[in-house]
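Counting from 1, the numbers follow the sequence of the chain as shown.
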Amino acid sequence: MADAVDDLATEVLVPSTELASVFGSGGADTEGTVRRLNAMQHSLEDLAVSSRQIAAEIDAIAPSWFGPVADAHAELHSKASRAAEMLGNADIAARLVPDMVGISGGRSYFLAIQTPSEARATGGLLGAFAIVDARNGRVSTPTLGQNAELENPRVRQVNLGSEFNDLYTWTHAYTDNRNNNISPSFPDAARIWIANWKHQTGQLLDGAIAIDPIALSYVLDVTGPVTLPDGEKITADNVVPITLSTSYERFAGDNAERKAYLQTIAKATVEQISNTTASTGALLEALGHGVSDRRIMIYSTRPEEQELLESTDLGHQLPDSMASLADVTIGNVAGNKIDYYLKREISYAADACTGETRGSTVTVKLTNTLTDLSLPKYVIGSMGAPSADLPLGTNFANVQFTLTKGANVLDLTVNGGPEFYWEGSLQGHPVAVTQVRIPAGKSVEVKLRLNEPTSAHGDVQVPIQPLVDTPTVNVDVPTCGDEK
């Protein structure tokens, strides 16, 4: 067994070394990196296949009772799994990135900078936007604007189907850019942004991208701080509190000035990323962190590219599968920025796989950690829901549960008592929605009971909405059904 481990260890190192040669270790050369990636497309595909085979061979080696050998096997298994994942991602990148950044012809994308201090299903309110042009591997942003510069069409410019329309008509999702991303499926938001931009300007875009300040902080940690025209430095440490919290206090009496300030930060940050000389590998690692946190999302209008994107964490779409699913998303109803202070705990538990159905429970505990009621009303008031007559500092949250295909909702309770909710469906998944008020310093527990089909197969899925907090997630769901 020791000989087998040694032989496979050598094989694991080879693909990693070849991959490193694609990116190099010096400063970033975006165009050069993309062209090398494009040239190595077939090689990377072969490396990804062989790496998966090596990982499978290591996994198949019988465990040893001898400690040093067992430890070596465990370490090699870990390295091989990481190498297989890395090479698999590189293979996908080689198939996607060159064309998407304009190696074979120019591309243009809608870039949404989301503001998770005002929650929406894909992360946060569309705060700022840019039109990103990609030519020959180089990226520029000829257009950068505030959400107020986006025109809301009088009638919808795209139709996402009866399920979407029935569920979200009340939000005016097609015609109010504050709610374009009300669905937890990013392609829904992307298609609305692309259609509305075409209506406003006549420009037909090639896709859409979304990112938030938390993902930007990962990148700034690599590229270094941004210096604004007045000399203020925006760093990896302060970009999140500035953009999502303190700027609202600083410009409490001048919303237009605040938006201009945030636009200045966005412009400087985009330019910093576009012109960075930081290590390509380090930059890719930072972007990977944002992707794994589901804070970076990409949609392509080209079906073959979109299919590939949906096989990765970049797609951020609802799963087209029968796997057990509990997707809990929060939407800010009050039109404030109070979700900066929101903490979530999510649990998903299910009974054993007996009979045709089983009982399941999805529970979300929402805590409003706000303590300072002297903050501006724009942050903790109810600007968007004046008729709700909310006490200052109350979080008014729309809570949507998107569930396993074929599931039936039994009941919904809030803090143990029955609560009004409504049902619908989205892309074949049953949906239940309620709205709750969370006073400052208090918690609210929403519990949904349902029956799920035991024919559900595949890994249990609990996607995490990218808000400011990192929620506690507990899953106790046995896998039922046959793998397909």
Side-chain angles (χ1 to χ4, degrees), residues 116 118-125 160-174 176 178-189 192 316-319 324-336 338-339 342 344-348 360-366 368 382 384-385 387-388 390 394-438 443-452 461-467 471:
E118 183 174 342
R120 292 296 186 273
T122 61
L125 178 79
L160 299 181
S162 59
E163 289 185 326
F164 183 98
N165 298 340
D166 291 345
L167 196 57
Y168 298 121
T169 293
W170 67 280
T171 71
H172 307 288
Y174 292 113
D176 187 338
R178 294 172 298 180
N179 290 327
N180 291 160
N181 55 342
I182 201 73
S183 161
S185 184
F186 179 66
D188 290 344
I192 294 173
H316 208 289
Q317 76 285 347
L318 287 177
S324 297
L325 172 70
D327 188 351
V328 181
T329 49
I330 309 301
N332 183 302
V333 181
N336 54 27
I338 205 167
D339 295 312
L342 181 67
R344 297 165 294 166
E345 298 176 34
I346 300 169
S347 68
Y348 180 22
S360 300
T361 304
V362 183
T363 305
V364 56
K365 182 179 179 181
L366 302 174
N368 180 357
S382 54
S387 61
L390 298 173
T394 300
N395 188 314
F396 192 12
N398 190 80
V399 184
Q400 175 171 321
F401 297 85
T402 306
L403 306 163
T404 308
K405 288 184 177 182
N408 294 307
V409 175
L410 300 177
D411 59 47
L412 182 148
T413 60
V414 174
N415 289 340
E419 184 66 36
F420 172 78
Y421 67 95
W422 65 95
E423 296 184 63
S425 58
L426 189 63
Q427 298 174 25
H429 294 273
V431 170
V433 186
T434 193
Q435 294 183 346
V436 296
R437 305 178 185 206
I438 316 162
S443 296
V444 167
E445 183 180 83
V446 184
K447 182 174 291 187
L448 185 77
R449 292 194 314 121
L450 61 149
N451 276 332
E452 294 181 305
Q461 301 185 56
V462 185
I464 301 302
Q465 180 187 13
L467 297 181

Query raised in the report: Without hydrogens or angle criteria, can the side chains of Ser360 and Glu452 be said to hold a donor-acceptor pair below 3.5 Å?
Result: yes
Requested in this report: Would you kindly say whether Asn180 and Tyr174 are connected by a side-chain donor-acceptor distance under 3.5 Å?
Outcome: no
**Report entry** Listed partners of Ser185 passing side-chain hydrogen bond (donor to acceptor under 3.5 Å, both in side chains), at least two apart
**Finding:** Gln427
**Report entry** Counterpart residues, ring pair (Phe, Tyr, Trp, His ring centres under 6.0 Å), relative to Tyr348 (two or more places apart)
**Finding:** none
Query raised in the report: What residues form a side chain to side chain contact (heavy atoms under 4.5 Å, CB included) with Thr171, not counting sequence neighbours?
Result: Tyr168, Ala173, Asn179, Ile182
Report summary line: Taken in chain and number order and not counting sequence neighbours, the residues that satisfy side-chain hydrogen bond (donor to acceptor under 3.5 Å, both in side chains) with Thr122 are Gln114, Asn181
Report summary line: The side chain to side chain contact (heavy atoms under 4.5 Å, CB included) partners of Glu345 (sequence neighbours excluded) come to Lys365, Thr472
Query - Minimum side-chain heavy-atom gap His316-Pro184 below 4.5 Å - result: no
Query raised in the report: Is the side chain of Glu118 donor-acceptor paired with the backbone N or O of Ile338 at a distance under 3.5 Å, no angle test?
Result: no
Query raised in the report: Which distance, rounded to the nearest 0.5 Å, do you find between the CG of Leu366 and the CG of Asn395?
Result: 7.5 Å
Query - salt bridge (Lys or Arg N to Asp or Glu O under 4.0 Å): pairs with one or both residues in residues 426-438, sequence neighbours excluded - result: none
Query raised in the report: Just how far is it from atom CG of Leu426 to atom CG of Leu167, taken to the nearest 0.5 Å?
Result: 6.0 Å
Report task. Please collect all side-chain hydrogen bond (donor to acceptor under 3.5 Å, both in side chains) contacts where either partner lies in residues 406-420, sequence neighbours excluded, each pair once. Result -> Asp411-Arg449
Query raised in the report: Does the Thr169 side chain pair with the main chain of Asn165, one donor and one acceptor, at a distance under 3.5 Å?
Result: yes
Report summary line: Applying side-chain hydrogen bond (donor to acceptor under 3.5 Å, both in side chains) to Asn368 and not counting sequence neighbours gives none
**Report entry** Residues which pass salt bridge (charged side-chain N to carboxylate O under 4.0 Å, His left out) with Lys405, listed by chain and number, not counting sequence neighbours
**Finding:** Asp320
**Report entry** Set of residues satisfying side-chain hydrogen bond (donor to acceptor under 3.5 Å, both in side chains) with respect to Ser425, sequence neighbours excluded
**Finding:** Glu163
Query raised in the report: Out of curiosity, Thr394 OG1 to Ile438 CD1, how far, rounded to the nearest 0.5 Å?
Result: 9.5 Å
Query raised in the report: How long is the span from the CZ atom in Phe401 to the CG atom in Leu325, to the nearest 0.5 Å?
Result: 12.0 Å
Report summary line: Residues passing the side chain to side chain contact (heavy atoms under 4.5 Å, CB included) test with Arg178, sequence neighbours excluded, are Arg120, Leu125, Asp176
Query raised in the report: Are any non-hydrogen side-chain atoms of Val362 and Val328 less than 4.5 angstrom apart?
Result: yes
Query raised in the report: What is the distance from atom CG of Asp339 to atom CZ of Arg344, rounded to the nearest 0.5 Å?
Result: 9.0 Å
Requested in this report: Report the C-alpha distance between Asp327 and Leu318 in whole Å, list the side-chain angles of each, state the deciding distance to 0.1 Å, and finish with yes or no for side chain to side chain contact (heavy atoms under 4.5 Å, CB included).
Outcome: CA-CA 9 Å; Asp327 188 351; Leu318 287 177; 3.7 Å; yes
Report task. Could you check if a side-chain atom of Val364 sits within less than 4.5 angstrom of a side-chain atom of Glu445, using non-hydrogen atoms only? Result -> no
Query raised in the report: Quick one: does Asp188's side chain have a donor or acceptor within less than 3.5 Å of a partner on Ile192's backbone?
Result: no
Acceptor/donor pairs from residues 428-436 side chains to any protein atom, 3.5 angstrom cut, sequence neighbours excluded:
unit_1	atom_1	unit_2	atom_2	d
His429	ND1	Leu403	O	2.8
His429	NE2	Pro319	O	2.7
Thr434	OG1	Phe420	O	2.7
Gln435	NE2	Asn398	OD1	3.0

Report task. Kindly indicate whether the side chain of Thr363, heavy atoms from C-beta on, has any atom under 4.5 Å from the side chain of Val446. Result -> no
Query raised in the report: Which heavy atom in Ala119 sits nearest to a heavy atom in Ile330, and how many Å separate them?
Result: CB-O, 3.5 Å
